[in-house]
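Have a look at the structure below, then the notes.
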Amino acid sequence: MSLDLLREHCLDCRACGLHRTRTNVVFGVGNPRADLMFVGEGPGEQEDRRGEPFVGRAGQLFDLYLDAFGLSRAEVYIANIVKCRPPGNRDPLPEEEQACMPYLEEQIRLIAPRLLVCLGRIAAMRLIRSDFKITREHGLWFDWQGIPITATLHPAALLRNPAQKPLCFEDFKSILQRYRALQEGQPT
């Protein structure tokens, strides 16, 4: 299956109730051969309107972090656990996450990133460990099906609590260090 075909399947998805209130499916964007993939929890209002992840205020902050480290959206791939906006931007329900996981897992398989980064607690709890504590374990590295994976604070959380921005900056330094080492053929 190709990424385009997977997107087409996702556009028709009715596996959970989120399809009833969505404006657009928010599949993912970026380089389909990216070595670095970011995964958030789910689309918000702006993302639902545009059909693209991380385009609201949190996305603008995320772009600043990418830019600060010399990265661009065209170089990485960005997706979410759930592909449709939960009403009122609430956390996705476990059954909604479960319904979307086959799409995300196939995206990861097709893109074949060499590093995964969870943006926030929800993504980390789904991909790293169900009892993951984002405030204590952000920036630590784990393994997801043979791929190094880490988590950092969600950009929306940083907007609510700007004092945590330096923590995210340190996480991005670690991410970039591993990413550059991969590009240079060094072991991570």
Side-chain angles (χ1 to χ4, degrees), residues 1 3 5-30 37-62 65 76-111 113 115-140 142-145 147 149-161 164 167-168 171:
M1 178 177 293
L3 204 54
L5 186 56
L6 182 64
R7 179 190 310 271
E8 291 302 314
H9 285 286
C10 192
L11 292 175
D12 293 330
C13 182
R14 303 216 181 321
C16 76
L18 292 179
H19 78 275
R20 290 190 290 275
T21 57
R22 73 180 176 220
T23 302
N24 286 295
V25 170
V26 182
F27 183 73
V29 295
M37 182 172 178
F38 292 89
V39 179
E41 64 186 60
E45 181 180 7
Q46 296 302 315
E47 291 78 10
D48 183 43
R49 282 187 189 155
R50 291 189 38 195
E52 185 176 332
F54 288 90
V55 294
R57 286 183 58 229
Q60 292 167 9
L61 179 58
F62 176 69
Y65 275 88
V76 303
Y77 196 88
I78 308 163
N80 283 305
I81 298 290
V82 297
K83 309 303 185 192
C84 299
R85 178 185 179 213
N89 290 350
R90 65 162 167 75
D91 289 347
L93 300 174
E95 58 268 21
E96 295 162 348
E97 292 177 17
Q98 191 60 35
C100 277
M101 279 306 292
Y103 292 113
L104 178 63
E105 288 169 350
E106 187 66 4
Q107 275 179 299
I108 294 170
R109 188 189 73 73
L110 290 166
I111 294 162
L115 294 176
L116 282 169
V117 178
C118 297
L119 296 170
R121 157 184 76 83
I122 301 294
M125 289 173 66
R126 179 48 86 166
L127 292 176
I128 297 174
R129 198 179 64 251
S130 63
D131 64 346
F132 191 88
K133 305 294 184 209
I134 192 72
T135 54
R136 283 194 305 230
E137 298 178 287
H138 68 88
L140 300 177
F142 301 88
D143 178 85
W144 187 84
Q145 299 183 15
I147 302 170
I149 187 170
T150 191
T152 191
L153 301 152
H154 194 285
L158 299 176
L159 292 173
R160 291 188 300 273
N161 187 356
Q164 293 183 322
L167 299 174
C168 187
D171 294 344

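Only a predicted model underlies this, so the values are computations on that prediction, with no experimental measurement involved.
- Summarising the geometry of A151 relative to D171, their closest heavy-atom pair is O-OD2, 3.9 Å, with the distance given to 0.1 Å.
- The ring-ring contact (aromatic ring centres under 6.0 Å, His included) test applied to Y103 returns no partner, not counting sequence neighbours.
- Residues E106 and H9 have side chains not in contact (no heavy-atom distance under 4.5 Å, counting atoms from C-beta outward).
- Between C13 and V25 there is no side-chain heavy-atom pair separated by less than 4.5 Å.
- Separating the CE atom in M1 from the CG atom in L110 is a distance of 8.0 Å, to the nearest 0.5 Å.
- For R14, the salt bridge (charged side-chain N to carboxylate O under 4.0 Å, His left out) test picks out no residue, with sequence neighbours left out.
- The shortest distance between side-chain heavy atoms of L104 and L127 falls below 4.5 Å.
- Within a 6.0 Å sphere centred on CZ of R90, heavy atoms belonging to other residues, nucleotides or ligands number more than 12.
- Side chains of D91 and R121 form a contact here, defined as non-hydrogen atoms less than 4.5 Å apart.
- Using a 4.5 Å heavy-atom cutoff, the side chains of Q164 and T135 are in contact.
- Under the 3.5 Å distance criterion, the side-chain polar atoms of T150 are matched with a main-chain donor or acceptor of L140.
- Nearest heavy-atom pair, P155 versus L119, reported as atom, atom and distance to 0.1 Å: CD-CB, 4.4 Å.
- V26 and P53 get closest at one heavy-atom pair: CG1-N, 3.3 Å.
- Residues F132 and F142 place their aromatic rings such that the two centres sit under 6.0 Å apart.
- Nearest heavy-atom pair, A58 versus A156, reported as atom, atom and distance to 0.1 Å: CB-N, 3.6 Å.
- How far CE of M125 is from SG of C118: 11.5 Å, rounded to the nearest 0.5 Å.
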Discussion item. Run the ring pair (Phe, Tyr, Trp, His ring centres under 6.0 Å) test on F54 and F38 for me, step by step, so that the C-alpha distance in whole Å, both residues' side-chain angles and the decisive distance to 0.1 Å come before the verdict.
Written reply: CA-CA 10 Å; F54 288 90; F38 292 89; 8.6 Å; no
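- Of the candidates N80, L3, L11, L3 is the only one forming a side chain to side chain contact (heavy atoms under 4.5 Å, CB included) with F27.
- Note that the CG atom of D143 and the CG atom of L116 stand 10.0 Å from one another [nearest 0.5 Å].
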Show every donor-acceptor pair shorter than 3.5 Å between a side-chain atom in residues 39-48 and any protein atom, with sequence neighbours excluded, or say none if there are none.
residue	atom	partner	partner atom	Å
E45	OE2	R49	NH2	2.6
E47	OE1	G44	N	3.1
E47	OE2	V55	N	3.0
E47	OE2	G56	N	3.1
D48	OD1	T23	N	2.8
D48	OD1	N24	N	3.1
D48	OD2	T23	N	3.2
D48	OD2	T23	OG1	3.0

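- Taking both residues in full, the closest heavy atoms of C84 and L18 are given as O-CD1, 3.5 Å, listed atom of the first, atom of the second, then distance.
- Judged purely by atom type and a 3.5 angstrom limit, Q98 has no side-chain atom pairing as donor or acceptor with the backbone of P94.
- The local environment of CZ in R129 is crowded, with over 12 non-hydrogen atoms from other residues, nucleotides or ligands closer than 6.0 Å.
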Discussion item. Please evaluate residues I134 and H154 with respect to the criterion side-chain contact (heavy atoms from CB on, under 4.5 Å), reporting the C-alpha separation (whole Å), side-chain torsions for both, the decisive distance (0.1 Å), and the verdict.
Written reply: CA-CA 9 Å; I134 192 72; H154 194 285; over 6 Å; no
Discussion item. Determine whether V117 and I149 satisfy the following criterion, side-chain contact (heavy atoms from CB on, under 4.5 Å), listing intermediate values before the conclusion.
Written reply: CA-CA 6 Å; V117 178; I149 187 170; over 6 Å; no
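- Annotation: the span from E137 atom CD to K133 atom NZ amounts to 8.5 Å, rounded to 0.5 Å.
- Counting only heavy atoms from C-beta outward, the side chains of L6 and Q107 approach each other to under 4.5 Å.
- Counting heavy atoms from C-beta outward, L158 and Y65 have side chains that approach closer than 4.5 Å.
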